[in-house]
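Atom set for the values below is all heavy atoms of this structure, side chains included, hydrogens, waters and symmetry mates excluded. Note on naming: letters A, B, ... go to the chains in the order of the sequence lines (proteins, then strands), and numbering restarts at 1 for each one.
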Amino acid sequence: MPELPEVEVVRRGLARWVADRTVADVDVLHPRAVRRHIAGADDFAHRLKGHRIGAPSRRGKYLWLPVEDTGSAVLAHLGMSGQLLVKTQEAPDEKHLRIRVRFDDSVGTELRFVDQRTFGGLSLHDTTPDGLPDVIAHIARDPLDERFDADAFHHALRRSRTTIKRALLNQSLISGVGNIYADEALWRARLHYERPTATFTRPRTSELLGHVRDVMNAALAVGGTSFDSLYVNVNGESGYFDRSLDAYGREGEPCRRCGTPMRRRPWMNRSSYFCPRCQRPPRPSRLS
DNA sequence: CAGCACACCTGAGGGC
DNA sequence: TGCCCTCAGGTGTGCT
């Protein structure tokens, strides 16, 4: 599942292989891939055709490509299985090819949006004065953004009657963290996923944020190393990062700190992985 | 209004 | 062999 580091590597690939090229033609092969573009597939294609693509940006798991001279941008979310691939025009279509973008140049490559489970998609939106697509104005800055507001995040934790993993996955408080990196950061911070946030001290919040950044930077470092070689990461063919995970998916395997078998618990229609010894559950609270 | 459940998808994998 | 069930999970929506 693409989370922030994966999306950032895709963004870098787009900056290298797609920015500054002019769109010749767009094929939407599956309507669901543009479902967030309310005006429909034909409108999406028409509004891109003939326009030059600017430098890609990212916030959390969203990335966008400015469409020059239009005040709009192509917003992309990869969902759970989406990939943005740069392929030669001769390459055979992928089984789950949803959108193809051809360019008006002689480079010989095209941009493809491929998505098996169709949770992701592309859409065109007006941009706010600071260049952000209007529909993601509610998405918080991510922890790798130098303007991420750690104080605001901490105060939101204090204010909320929620638990820490819910807060980490709440993209309006902190963006870019998904189920995998949430479990990883909580394991590193020795925090149980159901710990209430209202009592977090500032040092505890800071330490957790540090672990979130560390685990993301580690993934980014791995993904960033091979990104120059080909289109390896922008096309995702080698899969997502070879993550060396300490918590996620390790049910029954020994905790890498204390050796206690890791556990998996159903949680919000997904799973939480944790060490029952390092990450003690909070005492039941009478606060409702 | 905050918090939470649920719909949306498809393919892999396990049980029988 | 094949059918059915479960699981994977980010986001927007709608309900309490």
Counting any heavy atom closer than 4.0 Å, what does A:His30 reach on the DNA or RNA strands: base, sugar-phosphate only, or nothing? nothing
If you measure only the distance, is there a donor-acceptor pair under 3.5 Å linking the side chains of A:Thr127 and A:His125? no
Listing, residues 130-139 of chain A side-chain donor-acceptor contacts under 3.5 Å, not counting sequence neighbours, or none:
from, atom 1, to, atom 2, distance (Å)
A:Asp130, OD1, A:Thr128, OG1, 2.4
A:His138, ND1, A:Val135, O, 3.3

Rounded to the nearest Å, what distance is computed from the CD atom of residue A:Glu3 to the C1' atom of nucleotide C:dG10? 10 Å
Give a yes or no on whether a salt bridge exists between A:Asp105 and A:Arg21, defined as a side-chain N under 4.0 angstrom from a carboxylate O. yes
In whole Å, I'd like the distance from the CZ atom of A:Arg161 to the P atom of C:dT16. 19 Å
At how many degrees, to 10°, do the end axes of the helix from B:dA2-C:dT16 to B:dC16-C:dG2 meet when each uses five pairs? 50°
Could you state the atom-to-atom distance from NE2 of A:His138 to P of C:dT11 in whole Å? 8 Å
With a cut-off of 3.5 Å and sequence neighbours excluded, list every side-chain donor-acceptor pair involving residues 265-274 of chain A.
from, atom 1, to, atom 2, distance (Å)
A:Arg270, NH1, A:Met268, O, 3.2
A:Ser271, OG, A:Arg264, NH1, 2.9
A:Ser272, OG, A:Lys165, NZ, 2.7

Whole angstroms only, please: what is the CZ-P distance between A:Arg36 and C:dT13? 8 Å
Kindly confirm or rule out a cation-pi arrangement of A:Arg257 over A:Trp187, judged by NZ or CZ under 6.0 Å from the six-membered ring centre and within 45° of its axis? yes
Under a plain distance cut-off of 3.5 Å, with no hydrogens placed, do A:Arg102 and A:Thr109 share a side-chain donor-acceptor pair? no
Can you name the closest pair of heavy atoms from A:Ala189 and A:Leu208 and give their distance? CB-CD1, 3.9 Å
In whole angstroms, the gap separating C1' of C:dG10 from CZ of A:Arg166 amounts to 15 Å
A:Gln171 CD to C:dT11 C1', in whole Å, measures 9 Å
What is the first contacted nucleotide of DNA chain B and what is the last, in 5' to 3' order, if contact means an atom lying under 4.0 angstrom from a heavy atom of chain A? B:dG3 to B:dG11
Report yes if a side-chain nitrogen or oxygen of A:Arg270 is closer than 4.0 Å to either non-bridging phosphate oxygen (OP1 or OP2) of C:dC7; otherwise report no. no
A:Glu94/A:Lys87 salt bridge by N-O under 4.0 Å criterion: yes
Has the side chain of A:Gln171 got a donor or acceptor atom that lies under 3.5 Å from a matching backbone atom of A:Val177? yes
For a quick test of reading the model: is some side-chain N or O of A:Tyr181 closer than 4.0 Å to OP1 or OP2 of C:dG10? no
On DNA chain B, check which nucleotide each of A:Arg32 and A:Met268 is closest to and give me the residue with the more 5' one. A:Met268
Counting N and O atoms only, with roles assigned by atom type, does the side chain of A:Glu253 sit under 3.5 Å from a partner on the main chain of A:Met262, one being a donor and the other an acceptor? no
Under 4.0 Å, heavy atom to any atom of DNA chain C: which of residues 113-122 of chain A qualify? A:Arg117, A:Phe119
Report, one line per pair, each donor and acceptor closer than 3.5 Å where one atom sits in a side chain of residues 33-44 of chain A; sequence neighbours left out.
from, atom 1, to, atom 2, distance (Å)
A:Arg35, NH1, A:Arg32, O, 2.9
A:Arg35, NH1, A:Gly120, O, 3.1
A:Arg35, NH2, A:Phe119, O, 2.9
A:Arg36, NH1, A:Tyr62, OH, 3.1
A:His37, ND1, A:Leu124, N, 3.1
A:His37, NE2, A:Asp43, OD2, 2.8
A:Asp43, OD2, A:Arg47, NH1, 3.4

Which residue, A:Arg264 or A:Val177, contacts DNA chain C at a nucleotide closer to its 5' end, judged by nearest heavy atom? A:Arg264
Could you state the atom-to-atom distance from CG of A:Asn170 to P of C:dG10 in whole Å? 13 Å
What is the separation between atom CG on A:Asn269 and atom P on C:dG10, rounded to the nearest whole Å? 12 Å
Considering only NZ, NE, NH1 and NH2 on the basic side and carboxylate oxygens on the acidic side, decide whether A:Glu8 and A:Arg11 come within less than 4.0 Å. yes
